Amino acid sequence: MNPDKVIEKKDRERKPDEPVKKKRKSNSYSLSIGPIHPALKEPIRFDLQIEGEKVVKVDFELSQVHRGIEWIGTRRNPVQILYLAERICGICNICHSTCFCIAVENIANIEVPARAHYLRTIHAELERIHSHILWAGVAAHELGFDSVMHYTWKIREKVLDVMEALTGNRITKGIMMIGGVRRDINEKQVPMVKEALEYYKKGFGKLESIFLKDPVIKSRTVGTGILSRHDGLALCAVGPTARASGIKKDVRQDEPYAAYSDLDVKAITPKDFLGEVKGDVFDRIVVRLLEVKQSIEIIEECLKQMPKGKILHEEKIPKLLAELRNIEGDGIGRLEAPRGEVIHYVKMVGKEAPYSWKVRAPTYNNLLPWGPMLMGEQVADVPIIAASTDPCMSCTNRAVVADGNSEKILDNEAMRRLSVEKTNALKRRLGR
Amino acid sequence: MFEMAKELFKQLFKKPFTNMFPAKHAPKSTVGFLKKVEEGKAKLNEPVPIPEGFRGKIAYDKEKCIGCKLCIKVCPANAFEYLEKERKVKYHLSRCTFCAQCVDVCPVNALVSTKEFLLSDYNKK
């Protein structure tokens with residue numbers, strides 16, 4: 001018989017005037033979050049064992065949303081796949097299309113013109129700025145600072161305007177092409193990009209003081225969701241999540257692609273800023289904000305160094321398609337997306353469509369570290385810890401707390417309210 | 001939170017960052033409001049200006065088309081349908097993803113990106 005039920009039965013038999021027994025046998029409840037949850041990139045189901053507010057066991061189920069994108073890709077030609085690849089992730093769309101380009105260029109031995117390499121770098125870094133600032137807003141929202149969220153997203157708008165002017169679209173930019181890029185940056189656009197970078201340099205100082213010096217944000221994030229260096233390495237964490245744990249891992253540094261070999265890119269760890277590495281949520285905020293600064297510097301350097309010349313290996317698309325129809329072999333594309341390393345594997349067998357196409361997005365690697373991060377934390381910290389690895393957003397959210405036969409539904413709002421309440425309590429304690 | 005409070009206080013005296021499009025206050029019915037604008041009864045709050053090279057609705061010039069099918073070949077969304085009899089294509093706006101790859105590939109410039117972006121409609125056409 002279930003011991004929980006026995007306790008319940010005893011409780012019911014208690015007489016009204018009898019004092020409540022304070023010492024109860026500790027029992028854990030299971031709390032399932034998802035499969036759809038706003039702080040989660042892909043629908044995923046968490047199964048948390050909780051003791052009171054403390055998480056004691058973490059388990060999750062992957063693969064709740066299989067879109068069959070790779071299958072669709074094996075029925076299209078590489079030029080069509082570029083636009084399909086963009087739609088794998090709305091925020092890292094440049095990364096996926098570039099990664100696919102690199103894989104196909106690998107197979108076909110296509111040499112990309114030098115100017116196109118620099119343009120790819122500029123677009124990738126603009127995207128990193130956009131992604132990290134968007135994430136900062138989401139993190140603020142999860143902590144209960146909605147005004148900070150609106151403020152950061154207001155700052156982010158500038159980079160979207162720049163991207164729209166450079167590519168013709170705000171989000172799915174459609175700028176990559178196998179063997180180069182589709183559009184060049186002309187003389188008129190350079191001052192606009194530079195102005196935006198100046199704006200970000202100014203805005204960065206403000207973001208820094210809002211996020212890194214605020215005592216309430218600090219006390220909510222310092223020491224929360226710790227991922228040790230050992231765990232990060234063992235669980236193959238990538239991107240800012242790994243770097244925040246002190247792992248110097250960055251594809252731009254380790255295996256430079258595009259123009260990164262000409263630029264001095266170093267993996268950023270919190271050690272550069274704080275002097276020590278804890279691997280907590282605060283460290284992840286620090287790494288992302290420092291990367292925004294790094295991106296600004298990279299773009300400036302690119303604009304300075306960019307050589308003149310062609311931007312495409314083959315301007316005539318029908319000719320390019322004919323070339324790609326005859327290639328055989330397999331290629332791998334690796335690059336550093338805002339969230340971590342992306343890998344595309346493509347196999348061509350002399351047909352129009354690839355025989356196989358496999359995508360490994362960074363969130364996949366950053367899910368397993370959730371285990372050690374969430375262990376021992378409070379339920380109110382689950383949203384910010386889950387969001388701290390920067391998973392993508394889904395919209396509805398439902399968490400069910402099942403307690404015997406009674407059921408309590410903890411929806412998105414209730415979950416966020418818990419988080420906001422914790423922040424407010426901290427504010428009171430800090431006398432603010 | 002002092003830094004943020006300062007920012008918020010400043011914002012009190014500034015114009016809101018959001019461009020209120022199509023009207024300052026949300027109309028009861030957007031379609032009804034747009035109709036009124038057409039009739040000249042209401043004033044439209046102008047959208048944020050579109051940059052040069054914006055990829056909006058694609059304009060198709062049937063006269064120029066030579067039926068080479070290249071647009072069909074590169075379109076990722078199957079937005080083009082080949083008409084056997086006329087040896088021309090048909091453009092399905094509802095399927096289009098506005099990547100403008102067909103604009104790049106068209107040998108006779110029968111397809112052109114326009115700046116039109118207000119495309120939602122009840123009429124499927």
Side-chain angles (χ1 to χ4, degrees), chain A residues 72-73 76-87 140 145 147-148 150-151 153-155 157 161-170 172-175 177 182-183 186 188-189 192 205-217 312 315-318 320-321 352 423 427 430 432, chain B residues 1-12 14-21 47-58 66-80 95-109 111-117 119:
Chain A
I72 301 168
R76 269 145 220 260
N77 63 43
V79 172
Q80 289 174 315
I81 294 178
L82 283 179
Y83 303 104
L84 183 65
E86 275 186 348
R87 279 151 183 89
F145 293 119
S147 47
V148 178
H150 289 293
Y151 182 69
W153 285 23
K154 175 191 157 190
I155 291 178
E157 204 62 26
D161 286 346
V162 170
M163 289 196 290
E164 191 184 20
L166 294 183
T167 67
N169 222 339
R170 274 160 61 98
T172 37
K173 290 148 218 138
I175 185 88
M177 178 48 63
R182 284 173 66 193
R183 285 187 189 182
N186 59 32
K188 265 192 223 160
Q189 286 162 336
M192 185 194 62
K206 272 184 194 164
L207 279 184
E208 196 185 353
S209 55
I210 289 169
F211 276 96
L212 306 183
K213 291 185 184 143
D214 184 66
V216 182
I217 291 188
L312 269 176
E315 275 180 28
K316 291 190 177 107
I317 305 295
L320 177 77
L321 280 175
E352 204 164 323
T423 305
K427 268 190 200 164
L430 290 165
R432 275 168 185 265
Chain B
M1 275 290 91
F2 177 67
E3 203 54 43
M4 195 59 219
K6 213 167 79 187
E7 241 1 273
L8 291 176
F9 191 71
K10 265 196 222 161
Q11 188 58 46
L12 272 180
K14 274 193 212 159
K15 232 174 90 187
F17 187 73
T18 313
N19 181 36
M20 298 297 184
F21 176 77
V48 178
I50 300 161
E52 203 69 31
F54 177 77
R55 302 196 311 256
K57 181 183 172 181
I58 284 157
I66 52 168
C68 66
K69 289 198 201 172
L70 277 178
C71 46
I72 298 177
K73 201 163 187 184
V74 296
C75 181
N78 261 335
F80 291 100
R95 294 183 201 165
C96 186
T97 56
F98 310 105
C99 65
Q101 186 65 62
C102 51
V103 177
D104 286 9
V105 88
C106 187
V108 288
N109 291 333
L111 294 156
V112 185
S113 271
T114 63
K115 290 198 166 182
E116 208 175 317
F117 66 92
L119 301 172

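Values in this document were obtained by computation on a predicted structure and should not be read as measured data. A note on names: the letters A, B, ... follow the listed sequences, proteins ahead of strands, and every chain is numbered from 1.
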Query raised in the report: What residue in K213(A), E315(A), Q189(A), R87(A) has the most heavy-atom pairs under 4.5 Å with chain B?
Result: R87(A)
Query raised in the report: Of the backbone (N, CA, C, O) and the side chain (C-beta and beyond), which part of P51(B) lies under 4.5 Å from a heavy atom of chain A, both, or neither?
Result: side chain
Query - Atom pair CG (N78(B)) and CZ (R76(A)), whose distance is rounded to the nearest 0.5 Å - result: 6.0 Å
Query raised in the report: For E157(A), is it the side chain, the backbone, both or neither that has a heavy atom under 4.5 Å from a heavy atom of chain B?
Result: side chain
Report task. Please round to the nearest 0.5 Å and tell me the distance separating atom CD of Q101(B) and atom CZ of R182(A). Result -> 4.5 Å
Query - Point-to-point distance, once rounded to the nearest 0.5 Å, from CZ of R170(A) to CZ of R55(B) - result: 13.5 Å
Requested in this report: Over all heavy atoms of both residues, which pair between K73(B) and Q80(A) is shortest? Give the atoms and the distance, please.
Outcome: O-NE2, 3.2 Å
Query raised in the report: Mind checking whether K154(A) and E7(B) have side chains closer than 4.5 Å, heavy atoms only?
Result: no
Query raised in the report: For K188(A), is it the side chain, the backbone, both or neither that has a heavy atom under 4.5 Å from a heavy atom of chain B?
Result: neither
**Report entry** Contact leader toward chain A among A77(B), S113(B), A100(B), C99(B), where contacts are heavy-atom pairs under 4.5 Å
**Finding:** C99(B)
Report summary line: Of all heavy-atom pairs linking F54(B) and G168(A), the shortest is CD1-O, 3.6 Å
**Report entry** Heavy-atom proximity to chain B below 4.5 Å, by part of E352(A)
**Finding:** side chain
Report summary line: So CG of L70(B) and NZ of K316(A): to nearest 0.5 Å the spacing works out to 12.0 Å
Report summary line: Highest number of heavy-atom pairs under 4.5 Å with chain B among E164(A), K173(A), E86(A) belongs to E164(A)
**Report entry** D104(B) CG to M177(A) CE distance, which is reported to the nearest 0.5 Å
**Finding:** 7.0 Å
Query raised in the report: Applying the side chain to side chain contact (heavy atoms under 4.5 Å, CB included) test to V74(B), which of L320(A), L321(A), N77(A) qualifies?
Result: L321(A)
Report summary line: To the nearest 0.5 Å, atom CZ of F17(B) lies from atom CD1 of I155(A) at 9.5 Å
